[in-house]
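Each remark here refers to the structure printed beneath this line.
Each chain gets a letter, A, B and so on, in the order its sequence line appears, and its residues count up from 1. Hydrogens, waters and symmetry mates are skipped; everything else that's a heavy atom, side chains included, is used.
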Protein chains: 2
Amino acid sequence: MKTEKVDKRQAILEAAEKLFCETGYEGTSTRQIAKESGANMAMINYYFGSKEGVFVEIMNERIAGFASQLKIINEDKISALEKLHRVIEGYVNRILNNTAFHKMMHRELSLTQRPEMYDKIKDAMSHNMQLIDRIITDGIEDGTFNKVDVRMVIATIMGTITNIVISPHKVISCSNFDLNNPKDKKMIKERTIAHLQDLTTVYLTTKK
Amino acid sequence: MKTEKVDKRQAILEAAEKLFCETGYEGTSTRQIAKESGANMAMINYYFGSKEGVFVEIMNERIAGFASQLKIINEDKISALEKLHRVIEGYVNRILNNTAFHKMMHRELSLTQRPEMYDKIKDAMSHNMQLIDRIITDGIEDGTFNKVDVRMVIATIMGTITNIVISPHKVISCSNFDLNNPKDKKMIKERTIAHLQDLTTVYLTTKK
DNA sequence: CAAAATTAATCAAACGATTGATTAACTTCC
DNA sequence: GGAAGTTAATCAATCGTTTGATTAATTTTG
């Protein structure tokens, strides 16, 4: 006999994240969450206080997970370019392993409501940006990088990855591909990393 | 006495677009639209059939406006690089002049519901992409451009612009700026164009 | 150990409020 | 006078939340 014991609290979180990703926060009802998770509707308020409480909890868990995954890249041995390449690799992998959540995050970021969430996401993002900023600025100061508009370069790196995730897939490649297909995802990851590493190398280190 | 005669139909469209941009489609109620536009609630259904009808109408008008604005860049006299630079300039100007709508478009694009809208936006986007693809591919074929991953370069161009629009503003620059402030907008436009033109020039034309 | 008391988890039902939509009556205008 | 425009009132449906009751598990007590 299979043990059907499940953590209802966790089931609610997982169902809610799935639904929020698919149909947005406003577009998802507490009844849908209850049905999808197999929990009673009252359980949502019992565990999280409110629908928004569920959302906040999802975001907090995710952001905490991301932060803990963030490694210290500053080993003195490697060059600024190598550091940057590692950051790109880590960033692409992380985002393409969580495309649904990343979409949801950007959707939420583009809404002016829920300022608490907005600030949370903003802080998480700006942490990564400061990391990249430090690396590029150091490279410029020690003369290995050209003098560039650092914040624009960061916008290019982050924007490229986001664009890959958000854009309709048929648009990117002439042939079809599906980010839910592991083989396709692997291919797109490698292509994105290769492109961004090549781009940054050429742009930052080519002597004019 | 001031003539208060206003086109209610147009007022509804304008109010709805403003609200959809600010709080999203699901997050905006027909009563809000009515209040904001000064029209009676029934007018929404009278003119557009439904709430979704308003949304579809807004999207259609906008996309039609964009398409008509799209100029023919293919004058044989100028080089592929010059063509690309003009496309970048046009694209940056267009998007930064319509940041609220652009945000809304991306939000809608990241939702799986409303496939009709999804396809409409997708088609409008892919038209622009084909234009850029043609220019870069021509440049590669006649030897003026390096052999690059064309679709990735396009993702970089479009992604950078979108990132500027969507990212929290404090994050981009160390100092604050506001895209609704005309002076700030002008500055960001110029900076974005300069960056993308420099980036593409170096990346596409530097001989290794 | 076992009875009693307490706590946590779960449920069906209902709450008041709000949703998008419709009706029918009323104005305005040509 | 009739078509087009506009209104307040109303509709059924759904929203997020709360309720009171019940079960299951745990702790306390004699």
Side-chain angles (χ1 to χ4, degrees), chain A residues 1-60 104 107-108 111-117, chain B residues 1-60 104 107-108 111-117:
Chain A
M1 194 193 85
K2 193 164 96 183
T3 313
E4 276 293 0
K5 172 63 190 153
V6 283
D7 185 354
K8 285 282 170 72
R9 200 192 110 99
Q10 195 58 31
I12 289 171
L13 283 175
E14 285 166 14
E17 179 169 330
K18 176 170 175 281
L19 289 168
F20 286 158
C21 287
E22 283 172 3
T23 53
Y25 176 79
E26 307 282 357
T28 302
S29 74
T30 53
R31 283 168 179 80
Q32 281 177 281
I33 298 174
K35 193 172 187 178
E36 177 82 21
S37 66
N40 187 276
M41 255 176 38
M43 293 283 86
I44 293 168
N45 299 79
Y46 177 74
Y47 281 121
F48 305 101
S50 66
K51 178 186 173 184
E52 185 162 352
V54 180
F55 185 78
V56 170
E57 181 64 19
I58 290 172
M59 285 302 208
N60 283 343
M104 184 177 81
R107 213 158 44 215
E108 196 56 29
L111 263 357
T112 46
Q113 50 199 7
R114 281 187 289 285
E116 183 198 358
M117 266 306 99
Chain B
M1 194 190 85
K2 193 165 98 183
T3 312
E4 276 293 1
K5 171 63 190 156
V6 283
D7 185 353
K8 285 283 170 71
R9 201 192 108 99
Q10 195 58 32
I12 290 171
L13 283 176
E14 285 166 14
E17 179 170 328
K18 175 169 176 282
L19 289 168
F20 286 159
C21 288
E22 283 172 6
T23 54
Y25 176 80
E26 310 280 359
T28 303
S29 73
T30 52
R31 281 168 181 79
Q32 282 178 278
I33 298 173
K35 192 172 188 179
E36 177 83 20
S37 67
N40 188 276
M41 254 184 54
M43 297 273 74
I44 294 169
N45 298 80
Y46 177 74
Y47 281 121
F48 306 101
S50 66
K51 178 186 172 182
E52 184 162 352
V54 180
F55 185 76
V56 170
E57 181 64 19
I58 291 172
M59 285 303 208
N60 283 342
M104 186 176 81
R107 214 157 43 215
E108 194 58 28
L111 263 355
T112 47
Q113 49 200 7
R114 280 188 289 284
E116 182 199 358
M117 266 307 98

Report task. Measure the distance from CD1 on B/I12 to C1' on D/dG5 and round it to the nearest whole Å. Result -> 11 Å
Report task. On the 0 to 90° scale, with breaks at 30° and 60°, tag the A/F20-A/Y25 ring pair as parallel, tilted or perpendicular. Result -> tilted
Report task. Using atom CE of A/M43 as one end and atom P of C/dA9 as the other, report the distance to the nearest whole Å. Result -> 8 Å
Query - With sequence neighbours excluded, residues passing side-chain hydrogen bond (donor to acceptor under 3.5 Å, both in side chains) with B/T28 - result: B/T23
Query raised in the report: Which residue pairs satisfy the side-chain hydrogen bond (donor to acceptor under 3.5 Å, both in side chains) criterion with at least one member in residues 34-50 of chain A, sequence neighbours excluded?
Result: A/K18-A/E36
Query raised in the report: Looking at B/Y47, does any N or O in its side chain come under 4.0 Å of the phosphate oxygens OP1/OP2 on D/dT6?
Result: yes
Query raised in the report: Closest approach of B/L111 and A/C21, non-hydrogen atoms and distance?
Result: CD1-O, 4.4 Å
Query raised in the report: To the nearest angstrom, how far is A/R9 atom CZ from C/dT10 atom P?
Result: 12 Å
Report task. Measure from CG on A/D7 to P on C/dA8 and round the result to the nearest Å. Result -> 16 Å
**Report entry** Nearest-angstrom distance from the residue atom NZ of B/K8 to P of D/dT6
**Finding:** 5 Å
Query - Atom pair CZ (A/R107) and CD (B/E108), whose distance is rounded to the nearest 0.5 Å - result: 9.5 Å
Report task. Sugar-phosphate means primed atoms, P, OP1 and OP2; the rest is base. With that split, encode nucleotides 16-30 of chain C 5' to 3' as B, S or - using protein heavy atoms under 4.0 Å. Result -> ---BBBBB-------
Report summary line: All heavy atoms of A/I58 vs all of A/A16, minimum pair found to be CD1-CB, 3.9 Å
Query raised in the report: OP1, OP2 of D/dA4 versus side-chain N and O of B/Y46: anything below 4.0 Å?
Result: no
